Each structure stands twice: as C-alpha cells, then as structure tokens.
Amino acid sequence: MLLNTGIAIGQPPNPSTPISTPPPGSGGTGDEVVQTQWGPLGPADRDFMNRVKQAGLWEKPAGDKGRAKRPDQPKILEACKHLIEGHTLLDNVVNRAGVLLGHTLPTEASDEQKGWLAEMDAANGDEFDAVFANRLRAAHGKVYAYAAQIRAGTKNELIRILSTQAMITVFDHMKVLEDTGRVDFAGLESPQPLAPPTAAAGAPEPTGENGNSADASTNPTDGVIPTVPEGTRFTRTAEQGVFGDNNGVFFGAIAVLALALVGMRMISRSKKTRRKSRSF
C-alpha cells in the first residue's frame, strides 16, 4: 500500500487525493512534532523509521555472511534468505515513507550493530551459528516490541503501515532464527508485567469495602477505560439486560422458534405413522 502511494511524484493514483512530496529534512528534528498530510509526525515516529532502516543495514549483511560461511547448514541458509528478502521489502517501504514524510534516513548501521557484524566475521563453524542466531534473535525481540508500541499509538497513517509490515517481517525472522536450534532462550531479556495504573494528581486513593486501600493488583485494568461510539450496544447499562430494552422480544422469538420445531417434529411423526398403516 505504501509503495503504491504517489509512485510518481505529484501524480497520485487517485486524482481526488493529491499527494505532495515535501523537501528532504522537513520532517522535523528532536522533540518537534510536524504536521503532515498523513497525520502528525513526532520524535518516536522518526526514531522508528531510523531503527527500521538501520536494521536492514546490518541484518542483510549478516544474511550474506551466513550464506558465505555456512553453505552446508540448511536452517542457517533459510534464516539468511528470510533476513535478506524481508529487509529488502522493509527498506523499500521505509525509504518511501521517508520521502513522503520529508525525513532523512540514516545511511550506516549503528556502532553496536557494526560490532555484532565484526563478531560474526571473527567466528566460524558452530561458534558462528551461535553468534548469528542469538545476536539477531535478541535484536528482533526488542524491535518487535517497539514496533507494536508504535503501531498502537502513532497518529501518522504511513507510520501505521510501516509498523504493521515491520511486525509481520520481524515475527517471521524470529521464527526462522529459532528454527535453527541455536537460540539460547535463557539469555533473552525476560518480559516484565505492566505497571499498575497511577492515580491522577489530587485524586483520593481508592479504598476497599472496609475503608482500606484497595490492592492495585486486584484489577490491573483499573483506570483504563476503553472508549466506544455512543449508542452502540456496548454503551448500554446492565439494567437494560443483555439485549437492551428488547429482552421480551428476544425471549418471545425463542418461544415461537421452539413451538415451530415441536410442530415440525409432530408432523414428521404423523407422516411416518400414515406410511406404516398403509403398508398393512
């Protein structure tokens, strides 16, 4: 979808939806929030684009190293294939997003990522397999969690598209890396439970039935109120019943259906009885 958005600059696929290409570097810096035709672009959105771009700048070379060093290891080769193909696609998507949002993307991997590639260069055989699988799996786990966070909260349409594709690609890469059998799960960063909701400033502390402070762990969703459109069945009160004000109609319909089924069964039995009497 993103790749087909304004393929020719100034020539959108739908004439009723004009697409403009902002000048490079106009996407904002630091904590600045820039308004774009795709929605606001904030610091987390720009950081996410940078991380997606840099992921490809070290993971595709890692895939090339695996192909060269372990040509006799089918599972390593399969992981390398997915890494190269997946980040080729993500590169195309993030490059397009950068152009349409006026954000200049990095052109080099980070120093830490370069260090991981150097570790792969220095390793051979089984040692290479361990470094390859564990460095890449750990990095993908962090990116997957970050992509989910961005997807859940970004206000920018193009970043939603990019983060969706990133989650699909990264999940696939985690799976093929795990399939190598060389991932040390004990070495991965353990997930942490969500922090309990904090009370608003100045709000009284919630209390239980006996006036004691309520245990925050009793209901971890306290304070989180999902919003839904007014007038939907989810906004009706419990006093109205499961089916709102129409409980009587509902149970009446059930009764009619039950009577109809009983009547059909009696007719069927009557027909069978007549057939038996004729046979005599």
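From a predicted model like this one, the values you see are computed outputs, not experimental measurements.
For the pair His103 and Asn50, the minimum side-chain heavy-atom distance is below 4.5 Å. Residues Gln165 and Thr169 meet the side-chain proximity criterion, which asks for heavy atoms closer than 4.5 Å. Here the side chains of Leu83 and Glu85 are not in contact, with every heavy-atom distance at 4.5 Å or above. Side-chain contact between Trp116 and Asn134 is absent, with no heavy atoms from C-beta onward closer than 4.5 Å.
Salt-bridge formation is detected for the pair Asp126/Arg70: a Lys NZ or Arg NE/NH1/NH2 atom is positioned less than 4.0 Å from an Asp or Glu carboxylate oxygen. A salt bridge links Lys60 with Asp91: the closest approach of a Lys/Arg side-chain nitrogen to an acidic carboxylate oxygen falls below 4.0 angstrom.
Annotation for Gln54 and Pro106: closest pair CG-CG, 3.6 Å, computed over non-hydrogen atoms. Across Met120 and Phe132, no two heavy atoms sit closer than the pair CE-CA, 4.0 Å. Considering all non-hydrogen atoms of both residues, Ala147 and Ser163 come closest at O-CB, 3.9 Å. Looking at every heavy atom in both residues, Pro61 comes nearest to Gly56 through CD-O, 3.7 Å. Smallest separation of non-hydrogen atoms from Gly66 and Cys80: CA-SG, 3.6 Å.
Among Leu100, Leu41, Leu158, Asp45, the one residue that satisfies the side-chain contact (heavy atoms from CB on, under 4.5 Å) test with Thr36 is Leu41. The side-chain contact (heavy atoms from CB on, under 4.5 Å) with Asn156 is formed by just one residue from the set Val34, Ile150, Leu101; it is Leu101.
Residue Glu119 holds its CD atom at 9.5 Å from CD of Glu127, rounded to the nearest 0.5 Å. Expressed to the nearest 0.5 Å, how far CD1 of Ile159 lies from CE of Met49 amounts to 4.0 Å. Taking CG of Asp179 as the start and CE of Met174 as the end, the distance is 12.0 Å to the nearest 0.5 Å.
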* To do: For side-chain contact (heavy atoms from CB on, under 4.5 Å), just list the numbers for His82 and Lys175, CA-CA rounded to whole Å, side-chain angles, deciding distance to a tenth of an Å, and then say yes or no.
  => CA-CA 10 Å; His82 282 244; Lys175 185 177 183 304; over 6 Å; no
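A donor-acceptor distance shorter than 3.5 angstrom exists from the side chain of Ser26 to the backbone of Pro23, with no hydrogens or angles considered. Without hydrogens or angle criteria, Lys155 side chain to Gly153 main chain gives a donor-acceptor distance under 3.5 Å. With hydrogens and angles disregarded, no donor-acceptor distance shorter than 3.5 Å links the side chain of Lys114 to the backbone of Trp58. For Glu59 (side chain) and His87 (main-chain N/O), no donor-acceptor pair under 3.5 Å exists by modelled atom type. Distance alone, capped at 3.5 Å, is enough to place a donor-acceptor pair between the Arg46 side chain and the Gly30 backbone. Although no hydrogens or angles enter the test, the distance criterion places no donor-acceptor pair under 3.5 Å between the side chain of Lys75 and the main chain of Glu178.
More than 12 heavy atoms of other residues, nucleotides or ligands shown are found within 6.0 angstrom of CG on Asp72.
Both Phe48 and Leu105 belong to a single network of hydrophobic side chains, linked directly or stepwise wherever heavy atoms of I, L, V, M, F, W or Y lie under 4.5 Å apart. Cluster membership for Ile161 and Leu89, using ILVMFWY side-chain heavy atoms within less than 4.5 angstrom, is shared.
Judged purely by distance below 3.5 Å, without hydrogens or angles, the side chains of His173 and His140 pair a donor atom with an acceptor atom.
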